[in-house]
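To keep things clear, I will list the structure first and then write my remarks on it.
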Amino acid sequence: MSVFDVLKERNFIQQMTHEDEIKELLEKEKVTFYIGFDPTADSLHVGHFLQLMVMAHMQRAGHRPIALIGGGTAMVGDPTGKTDMRKMLTKEEIFHNAEAFKRQMSRFIDFSDGKAILANNADWLLNLNYVEFLRDIGIHFSVNKMLTAECFKTRLERGLSFLEFNYMLMQAYDFLMLNKEYGCVLQMGGDDQWSNILAGVDLVRRKEGKQAYGMTFTLLTTSEGKKMGKTEKGAIWLDADKTPPYDFYQYWRNIDDSDVEKCLSLLTFLPMDEVRRLGSLKDKEINEAKKVLAYEVTKLVHGVDEAEKAKKAAEALFEGSGDLSNVPTSTITSNMLGSNLLDVLVKTGIIPSKSEGRRLITQGGLYVNDENVKDINAIVTEDMFRQGYMLLRRGKKSYNKIILQ
RNA sequence: GGAGGGAUACCCAAGUGGCUAAAGGGGGCAGACUGUAAAUCUGUUGGCUGGUGCCUUCGAUGGUUCGAAUCCAUCUCCCUCCA
């Protein structure tokens with residue numbers, strides 16, 4: 001089974017420039033392809049993870065990925081899918097983010113022995129000469145045509161700066177450079193990148209007279225069409241400091257029933273037979289599938305050890321298996337005994353303010369060692385700590401362990 | 001460059017001198033129901049305070065007033081039309 005069929009079966013593929021040629025190419029040759037990542041934050045997130053999965057599938061099949069870090073394009077900012085221009089990042093921020101991206105990517109892609117290439121478009125974009133670029137590249141772009149691109153449509157209503165308008169040219173230029181430098185013939189990306197990818201394919205054809213290809217894959221959205229991987233607290237990050245593995249695991253454990261099969265297919269390497277079996281489970285049974293999903297994705301992103309810990313913690317808290325050693329933990333010192341419980345919780349960052357804590361207690365949502373706290377003025381006492389810790393619960397499923405030191 | 005319109009809490013949006021910590025909706029949080037799901041229903045949603053109350057907040061700064069999100073001045077940003 002070729003990687004083309006794998007991607008197809010797992011429902012990655014959304015659009016392609018030349019379906020038959022791409023299929024044949026991927027079956028017969030070792031293809032150098034690229035996916036771009038703009039370093040607009042200091043960690044990759046779940047959306048990027050989907051792209052990394054594609055890269056991994058492709059690499060397993062013997063193709064050569066180029067992970068292109070958009071150190072240059074991030075200076076401009078991709079207007080796609082945004083209703084407003086986002087705040088401009090400084091060179092320093094972008095550089096710092098790019099370094100973080102590099103570190104994280106090497107966990108998913110094997111960059112050894114030239115099996116994959118890590119490039120940064122800052123290397124060629126930052127030193128471009130304006131007039132030369134216009135004459136050389138700009139000549140091939142029709143503004144009329146660009147304006148019809150879906151990615152600019154919404155922005156034409158709200159306002160689009162000339163800066164951002166140029167993003168498409170830069171991304172097209174990237175493809176051209178990678179084609180010349182590494183023989184890269186295929187650009188992949190999220191479906192929102194379709195028009196940018198087409199621009200690159202066109203440019204390679206015009207400048208080099210060579211055929212290039214583009215493919216987009218499914219955006220990771222929930223069944224309600226919202227971007228997946230976002231919570232009220234912000235994005236789900238791949239960085240363990242920004243999203244602890246326990247929280248990461250819980251995110252997937254609590255995914256909608258209707259999204260389970262999709263996620264298993266896109267975000268794990270489980271065989272499709274198994275994916276389909278798990279996805280077809282009904283009612284309570286589907287919780288088994290969610291556990292598998294949470295474990296597998298956490299394993300890929302944070303490693304086996306962290307996945308095991310997150311799983312054990314979940315079992316302890318929700319299934320009473322007793323081993324609480326991996327539950328998210330805060331520490332207090334014994335001089336805090338006798339303090340107001342809410343003060344302690346604010347201090348440890350478990351609740352954001354005392355008002356919110358009071359509200360929580362008033363509404364019956366706070367538990368110490370599974371006992372409902374009814375008194376707003378509850379005091380922290382030593383007998384709350386059994387075997388050195390207290391188990392705190394907010395609402396149904398948010399747990400913290402507090403250790404007395 | 002000229003004319004006009006706008007900026008309100010996490011988001012959308014009402015409010016044009018005191019009754020406004022600020023309607024309504026969305027989102028969030030909590031409760032009920034459940035399967036750590038969804039849908040539904042109920043409550044809640046600036047901070048401090050046991051409660052009374054106090055403090056900060058309606059783009060920014062300064063002013064008028066007993067009293068300002070609301071009136072005035074200056075500034076910043078956004079939008080529309082004309083050039």
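Every chain is numbered from 1, with letters handed out A, B, ... down the list of sequences.
With distances taken from any side-chain atom of A:D256 to the nucleotides B:rU34, B:rG35, B:rA38, the minimum falls on B:rA38. For A:Q363, counting side-chain heavy atoms from C-beta on, the closest listed nucleotide (B:rG31, B:rA30, B:rG47) is B:rA30. The A:K397 side chain lies nearest to B:rU36 when the options are B:rU36, B:rA30, B:rG50. Comparing B:rG50, B:rC48, B:rU36 against the side chain of A:S355 picks out B:rC48 as the nearest. For A:N254, whose side chain is taken as the heavy atoms from C-beta onward, the closest listed nucleotide among B:rU49, B:rG47, B:rU36 is B:rU36.
In this structure, A:N179 contributes its side chain and A:C184 its backbone to a donor-acceptor pair below 3.5 Å. For A:S398 (side chain) and A:R394 (main-chain N/O), no donor-acceptor pair under 3.5 Å exists by modelled atom type. Checking side-chain atoms of A:T218 against main-chain N and O of A:F12 turns up a donor-acceptor pair under 3.5 Å. Put simply, the side chain of A:K242 never gets that close to the backbone of A:S43: no donor and acceptor are under 3.5 Å apart.
Ring-centre distance between A:F33 and A:H63: not below the 6.0 Å cut-off.
Rounded to an integer number of Å, the gap from A:R359 CZ to B:rG46 P is 6 Å. In this entry the distance linking CZ of A:R394 with P of B:rG31 reads 12 Å, nearest Å. The interatomic distance linking A:I361 (CD1) with B:rC29 (P) rounds to 18 Å, in whole Å. Between the NZ atom of A:K354 and the C1' atom of B:rU49 there is a distance of 8 Å, given to the nearest Å. As a whole-Å value, the separation of A:R253 CZ from B:rU36 P is 7 Å. When the P atom of B:rU36 is taken as reference, atom OH of A:Y367 falls 14 Å away, rounded to whole Å. Residue A:F318 contributes atom CZ, which lies 14 Å from atom C1' of B:rU34 at whole-angstrom precision. The distance between atom CD of A:E356 and atom P of B:rG43, rounded to the nearest whole Å, is 19 Å.
Taking the C1' atoms as reference points, B:rU8 lies 12 Å from B:rA23, given to the whole Å. Separating the P atom of B:rU16 from that of B:rU70 is a span of 12 Å, rounded to the nearest Å. Using P as the reference atom, B:rC78 and B:rG26 are 32 Å apart when rounded to the nearest Å. Between B:rG46 and B:rC58, the distance separating the two C1' atoms is 13 Å to the nearest Å. Spacing between B:rU36 and B:rG31 at atom P, rounded to whole Å, works out to 14 Å. Spacing of C1' atoms, B:rG17 relative to B:rA22, comes out at 15 Å, to the nearest Å. On the C1' atoms, B:rU45 is 12 Å away from B:rA21, given to the nearest whole Å. Across B:rA69 and B:rG63, the matching P atoms stand 16 Å from one another, rounded to whole Å.
The nucleotide B:rA14 finds no pairing partner, because no Watson-Crick or G-U wobble arrangement with both distances shorter than 3.5 Å includes it. Partner assigned to B:rG43 is B:rC29, using Watson-Crick or G-U wobble distances below 3.5 angstrom. Nucleotide B:rU64: unpaired (no Watson-Crick or G-U wobble partner with both distances less than 3.5 Å). For B:rA23, there is no paired base (Watson-Crick or G-U wobble, both distances below 3.5 Å). Pair assignment for B:rU76: B:rA7, on the basis of Watson-Crick or G-U wobble contacts that are both within less than 3.5 Å.
Scanning both residues, A:H302 and A:L238, for their nearest heavy atoms gives CE1-O, 3.3 Å.
Nearest-nucleotide assignment on RNA chain B puts the 5′-proximal partner with A:R393, out of A:R393 and A:Y249. Position along RNA chain B of the nearest nucleotide to A:G364 versus A:E315 favours A:G364 as the more 5'-ward residue.
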Evaluate ring pair (Phe, Tyr, Trp, His ring centres under 6.0 Å) for A:Y249 paired with A:Y295, printing each intermediate quantity in order. CA-CA 7 Å; A:Y249 179 97; A:Y295 181 80; 7.4 Å; no

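Residue contacts shown for A:I376 are absent, as no nucleic acid heavy atom lies under 4.0 Å away. Within the 4.0 angstrom heavy-atom criterion, only backbone atoms of the sugar-phosphate kind lie near A:I255; the bases stay farther away. Using a 4.0 Å heavy-atom criterion, one finds that A:N377 contacts the sugar-phosphate atoms exclusively.
Donor-acceptor pairing under 3.5 Å, judged by distance alone, is present between the side chain of A:Q250 and the base of B:rU36.
Remark: A:R205 CZ to A:L176 CG distance equals 13.0 Å, nearest 0.5 Å.
Phosphate contact (OP1/OP2 of B:rA32, side-chain N/O of A:K396, threshold under 4.0 Å): present. Look at A:K290 and you won't find any side-chain N or O under 4.0 angstrom from OP1 or OP2 of B:rG35.
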